[in-house]
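Along the sequence shown, residues are numbered consecutively beginning with 1.
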Amino acid sequence: MIFLMGGTSETGPLAGSLADRGYRVIVSTATDAPLDVGGHPNIRRRIGRLGEEGLCALFREHAVRAAVDAAHPYAAEAHAAIRQAARRINIPCFRLDRPGVVEEGEGIVFATDHDEAARLAFSFGTPVLLTTGSRNLAPYVRESRRVGAPLAARVLPQPESLDACRAAGVPDDRIIAARGPFSVEENRAAIRRFGVGVVVTKDSGEAGGSAAKVQAAREEKCQLVVVRRPQICCANTFDSIEGLMQAISTKIPVRR
């Protein structure tokens, strides 16, 4: 059995590639968000967040032979949990790392974390559009109130995301509940809707819509504040499904 921690757009194709080669695959996602993992009989899906202990238990129960981390590039806790669990169970851990696309340049500044990103974003004194999700709202709401500049947040259209916005103090009329990735025009429309001068984003790669955000911010003459990716140390890291599949095939022979 191969354990695949996913949720990104690469999850379905990766699960399909594994199944087509004869591996049995458990696809694990934190939420029940729609995700096409295909109908191959070798693929099953489970839903719910798992920490290190939960992963260890699952690996033992299903005799998992290898763990594959294809979680979002910014899911630092998930990356650490799967890596530690694989080490404890003594199975190989492979990681698919989606390449970033945002580079430093005019109108683009990078921040090491959300606290710094919030300070940078509101230092310009203009309305801010936050597109980094609903899990780190507090520093942005705090800076918005401190400097008196409005904040709008684009989050997933899920109850937990909307509840997090309301709990943090983001007004309903300044919440965009939608699932990306978003086109250049959709990003420009959001910027114009709130008169935004600064967009805060993550570098989620091409598949995550980062390039479209960069272009939209440039066309709307907005500043872009980018939260840097967490540093993940994993020896078996690959930037393509093809490279990852080759490594898995070499190290984990299919059992016929």
Using side chain to side chain contact (heavy atoms under 4.5 Å, CB included), reason through R44 and V37 one step at a time and then give a plain yes or no.
CA-CA 8 Å; R44 54 164 290 198; V37 296; over 6 Å; no
Donor on one side chain, acceptor on other, [X] and [Y], under 3.5 Å:
{"X": "R154", "Y": "N187", "result": "yes"}
{"X": "T201", "Y": "K213", "result": "yes"}
{"X": "R87", "Y": "Q84", "result": "yes"}
{"X": "T112", "Y": "R228", "result": "no"}

Heavy-atom pair with the smallest gap, counting every atom of [X] and [Y]:
{"X": "I241", "Y": "P13", "result": "CD1-CB, 3.9 Å"}
{"X": "R21", "Y": "S249", "result": "NH1-OG, 2.6 Å"}
{"X": "G22", "Y": "V254", "result": "O-CG1, 3.7 Å"}
{"X": "G125", "Y": "A149", "result": "C-CB, 4.3 Å"}
{"X": "A19", "Y": "N42", "result": "O-ND2, 3.6 Å"}
{"X": "A211", "Y": "E206", "result": "CB-OE1, 3.6 Å"}

Once you round to the nearest 0.5 Å, how far does [atom1] of [X] lie from [atom2] of [Y]?
{"X": "I43", "Y": "I2", "atom1": "CD1", "atom2": "CD1", "result": "12.0 Å"}
{"X": "F182", "Y": "I176", "atom1": "CZ", "atom2": "CD1", "result": "7.5 Å"}
{"X": "L18", "Y": "H40", "atom1": "CG", "atom2": "NE2", "result": "10.5 Å"}
{"X": "M1", "Y": "I252", "atom1": "CE", "atom2": "CD1", "result": "14.0 Å"}
{"X": "Y74", "Y": "S204", "atom1": "OH", "atom2": "OG", "result": "6.0 Å"}
{"X": "D69", "Y": "H79", "atom1": "CG", "atom2": "NE2", "result": "5.0 Å"}

Please report the C-alpha distance between L14 and V68 in whole Å, then the side-chain angles of each, then the deciding distance to 0.1 Å, and finally whether the side chain to side chain contact (heavy atoms under 4.5 Å, CB included) criterion is met.
CA-CA 10 Å; L14 180 51; V68 179; 3.9 Å; yes
Ignoring hydrogens and geometry, is there a side-chain-to-backbone donor-acceptor pair from [X] to [Y] under 3.5 Å?
{"X": "D203", "Y": "V102", "answer": "yes"}
{"X": "E219", "Y": "A216", "answer": "no"}
{"X": "R174", "Y": "L151", "answer": "yes"}
{"X": "S161", "Y": "P157", "answer": "no"}
{"X": "S134", "Y": "C165", "answer": "no"}

Side chain to side chain contact (heavy atoms under 4.5 Å, CB included) between Q246 and L244, intermediate numbers included
CA-CA 5 Å; Q246 182 176 352; L244 175 60; over 6 Å; no
Let's go through D172 and R166 carefully: what are the C-alpha distance in whole Å and the side-chain angles of both, what is the deciding distance for salt bridge (charged side-chain N to carboxylate O under 4.0 Å, His left out) to 0.1 Å, and is it a yes or a no?
CA-CA 7 Å; D172 283 0; R166 291 162 184 152; 2.9 Å; yes
One thing to verify: whether [Y] and [X] come together as a salt bridge, which I'm taking to mean a side-chain N less than 4.0 angstrom from a carboxylate O.
{"X": "E116", "Y": "R119", "value": "no"}
{"X": "R88", "Y": "E52", "value": "yes"}
{"X": "R95", "Y": "D239", "value": "no"}

Side chain to side chain, [X] and [Y], heavy atoms closer than 4.5 Å:
{"X": "R98", "Y": "T8", "value": "yes"}
{"X": "I108", "Y": "V226", "value": "yes"}
{"X": "V25", "Y": "F3", "value": "no"}
{"X": "F238", "Y": "D97", "value": "no"}
{"X": "Q223", "Y": "L120", "value": "no"}
{"X": "D113", "Y": "V227", "value": "no"}
{"X": "L129", "Y": "V200", "value": "no"}
{"X": "R46", "Y": "L58", "value": "yes"}

Please determine whether residues V128 and V196 belong to a single hydrophobic cluster, defined as Ile, Leu, Val, Met, Phe, Trp and Tyr linked transitively by side-chain heavy-atom distances below 4.5 Å.
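No: no chain of side-chain contacts under 4.5 Å links V128 to V196.
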Assigning hydrophobic clusters by single linkage (Ile, Leu, Val, Met, Phe, Trp, Tyr; side-chain heavy-atom cutoff under 4.5 Å), is V170 placed with F194?
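No; tracing contacts between hydrophobic side chains, which count when under 4.5 Å, never links both residues.
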Evaluate the criterion side chain to side chain contact (heavy atoms under 4.5 Å, CB included) for residue pair I91 and V64; output intermediate values, then yes/no.
CA-CA 8 Å; I91 59 174; V64 170; 3.8 Å; yes
Flag if over 12 foreign heavy atoms under 6.0 Å of CZ, R135:
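Open: at most 12 neighbouring heavy atoms sit under 6.0 Å from CZ of R135.
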